**Q** 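Questions regarding the structure given below will be posed in turn.
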Amino acid sequence: MKRRQLLLATASACALPLSVRAQAWPGKTIRIVVPFTPGGTTDFVTRLVAVEAAKSLGQTIVVENKPGAGTVIGVDSVAKSAPDGYSFVTVANSFCVNATLIKKLPYDTRKDLRPVALMGLSEHVLATHPASGLKTVADIVAQAKAGQKLSYASFGNGTSAHLAGEMLKTQLGLDIVHVPYKGQAPALADLLGGQVSMMFGNWPEFRNHVQSGKLVAVGMATAQRSTYAPNVPTLTEQGLKVESNSWNGLLAPAAVPDAIVQRMNAAVIAAMQSPTLVEAFQKGGIAAKSGSPAQFSDYIDSEIVRYAEVIKKAGIASES
């Protein structure tokens, strides 16, 4: 009899309108998927935000890494999750790149997921291994023209680091081999080991290696000198128009109720204002970003258009 009553109670709860269930949210642990390997900026930002947002929501938030296929595997897992407000995914630039680069995505970029909140932005630096002898853009050109086989690592196909590398190749008219990895951490490890010639990466993870002399900062991929790296010249100063960064934002399955999205957005914004996170971002060289779900949605639309133009100019073939 008790088992039958429990089943009836569960069925009744499931039958409640989404608006009613949203009022009781969150009633259990929330999951945020990071579609990259541990150790990168996206992982770092997500874990910081999760800890602080959990305080506002009064519920535990766990972070789960699901890398692979240029973030498609992790994003798809959330796109197909129940729209109950207990599954989110942190995306980066690659989410917008894949909308153009991959012909047959297992999810619809704008229909199967809805924006919740923008979180952080990290500027990119073009770095090399000291033994490569590549200290400036001029060095890269000279070695390539001398017949030296050069390569660049990226976080994976379709990531911002990949597109930045292609912009570099296009503007310099050079043949540089792309070596994709499943995240920034393994790519950085091979750059430090000298297995690849160069890499565009997030300044927060590269700063200590540059300052210790383990890596050489060829230039920041910014229009003006970075406030986080004022002594590093920009690529713009060296004659290139390569501006690149990594931003991070939170998405939910498309059918998640507005009330849950708004509450999660408020929790993220509160997290971005916490002294602990502000200090961590400042030390890490990460710019805090926030805003409404609608503003993040507009930003995603603009990024899709921007990267579509980069892909077209670089002549990057679409993936099936």
Side-chain angles (χ1 to χ4, degrees), residues 9-10 12-36 38 40-66 71 74-92 95 112-122 247-284 286-300:
T10 302
S12 298
C14 292
L16 289 173
L18 286 175
S19 59
V20 175
R21 277 186 273 165
Q23 292 174 10
W25 182 88
K28 62 180 181 179
T29 297
I30 298 167
R31 175 185 67 137
I32 299 180
V33 170
V34 173
F36 295 99
T41 302
T42 302
D43 186 62
F44 176 71
V45 168
T46 302
R47 291 180 187 279
L48 279 174
V49 171
V51 169
E52 296 303 317
K55 297 175 183 177
S56 297
L57 297 171
Q59 189 57 260
T60 301
I61 300 178
V62 298
V63 177
E64 177 183 350
N65 295 90
K66 277 194 174 184
T71 72
V75 173
D76 187 48
S77 70
V78 172
K80 292 181 170 58
S81 295
D84 54 8
Y86 293 101
S87 292
F88 296 85
V89 61
T90 304
V91 297
F95 178 71
D112 293 341
L113 294 138
R114 63 180 302 180
V116 177
L118 188 60
M119 299 190 296
L121 184 145
S122 301
W247 53 260
N248 311 113
L250 202 64
L251 302 180
V256 170
D258 291 342
I260 291 178
V261 170
Q262 292 296 337
R263 190 171 175 194
M264 190 63 169
N265 174 269
V268 170
I269 290 176
M272 304 299 284
Q273 297 171 345
S274 72
T276 300
L277 190 144
V278 169
E279 182 181 3
F281 270 30
Q282 288 177 343
K283 287 183 177 179
I286 301 170
K289 300 291 180 180
S290 61
S292 68
Q295 288 172 324
F296 185 29
S297 180
D298 290 341
Y299 183 73
I300 287 175

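Numbering of residues begins at 1 and proceeds along the displayed sequence. Note that the structure is predicted; figures quoted are calculated from it, not measured.
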**Q** One pair to check against salt bridge (Lys or Arg N to Asp or Glu O under 4.0 Å): Asp258 and Arg114. What are the steps and the verdict?
**A** CA-CA 10 Å; Asp258 291 342; Arg114 63 180 302 180; 2.8 Å; yes
**Q** Does a side-chain heavy-atom distance below 4.5 Å link Val91 with Thr71?
**A** no
**Q** Which atoms form the tightest heavy-atom contact between Pro115 and Pro293, and what is the distance?
**A** O-CB, 3.5 Å
**Q** What is the distance from atom CZ of Phe281 to atom OG of Ser122, rounded to the nearest 0.5 Å?
**A** 8.0 Å
**Q** Is a side-chain donor or acceptor of Tyr86 paired with a backbone partner of Ser81 at a separation under 3.5 angstrom?
**A** no
**Q** With sequence neighbours excluded, what pairs up with Tyr299 under the ring pair (Phe, Tyr, Trp, His ring centres under 6.0 Å) test?
**A** Trp247
**Q** With rounding to the nearest 0.5 angstrom, report the CD to OG distance, Gln295 to Ser290.
**A** 8.0 Å
**Q** Would you indicate whether the side-chain heavy atoms of Ile30 and Val62 approach each other to under 4.5 Å?
**A** no
**Q** Checking side-chain contact (heavy atoms from CB on, under 4.5 Å) for the pair Leu250/Val89: CA distance, chi angles, key distance, verdict?
**A** CA-CA 6 Å; Leu250 202 64; Val89 61; over 6 Å; no
**Q** Out of curiosity, Ile61 CD1 to Thr46 OG1, how far, rounded to the nearest 0.5 Å?
**A** 10.5 Å
**Q** Where do Gly74 and Pro35 come nearest, in terms of heavy atoms and distance?
**A** CA-CB, 4.0 Å
**Q** With heavy-atom distances below 4.5 Å as the criterion, would you say the side chains of Thr90 and Phe36 are in contact?
**A** no
**Q** Should Trp25 and Leu57 count as side-chain neighbours, where that means a heavy-atom distance under 4.5 Å?
**A** yes
**Q** Under a 3.5 Å cutoff, is there a donor and acceptor pairing between the side chains of Thr42 and Asn248?
**A** yes
**Q** To the nearest 0.5 Å, tell me how far Lys289 NZ sits from Met119 CE.
**A** 14.0 Å
**Q** Is any side-chain heavy atom of Leu48 closer than 4.5 Å to one of Glu52?
**A** no
**Q** Do you know the tightest heavy-atom contact between Ile286 and Gly120?
**A** CG2-CA, 4.3 Å
**Q** Going by salt bridge (Lys or Arg N to Asp or Glu O under 4.0 Å), name the residues that satisfy it together with Lys80, two or more places apart in sequence or in a different chain.
**A** Asp76
**Q** Mind checking the OG-CG spacing from Ser292 to Leu118? Nearest 0.5 Å is all I need.
**A** 10.5 Å
**Q** Which heavy atom in Ser87 sits nearest to a heavy atom in Pro253, and how many Å separate them?
**A** O-CD, 3.2 Å
**Q** Is there a side-chain contact between Val78 and Leu251 (heavy atoms, below 4.5 Å)?
**A** no
**Q** Suppose we screen for side-chain contact (heavy atoms from CB on, under 4.5 Å). Which residues come up paired with Lys66, at least two apart in sequence or across chains?
**A** Arg31, Val33, Glu64, Ser77
**Q** Can you check whether Phe88 reaches Val116 side chain to side chain, under 4.5 Å on heavy atoms?
**A** yes
**Q** As an exercise, state the distance from CD1 of Ile32 to CZ of Arg47, rounded to the nearest 0.5 Å.
**A** 10.0 Å
**Q** Would you indicate whether the side-chain heavy atoms of Val75 and Phe95 approach each other to under 4.5 Å?
**A** yes
**Q** Testing the basics here: between Ile260 and Gly85, what is the closest heavy-atom pair and its distance to 0.1 Å?
**A** CG2-CA, 3.9 Å
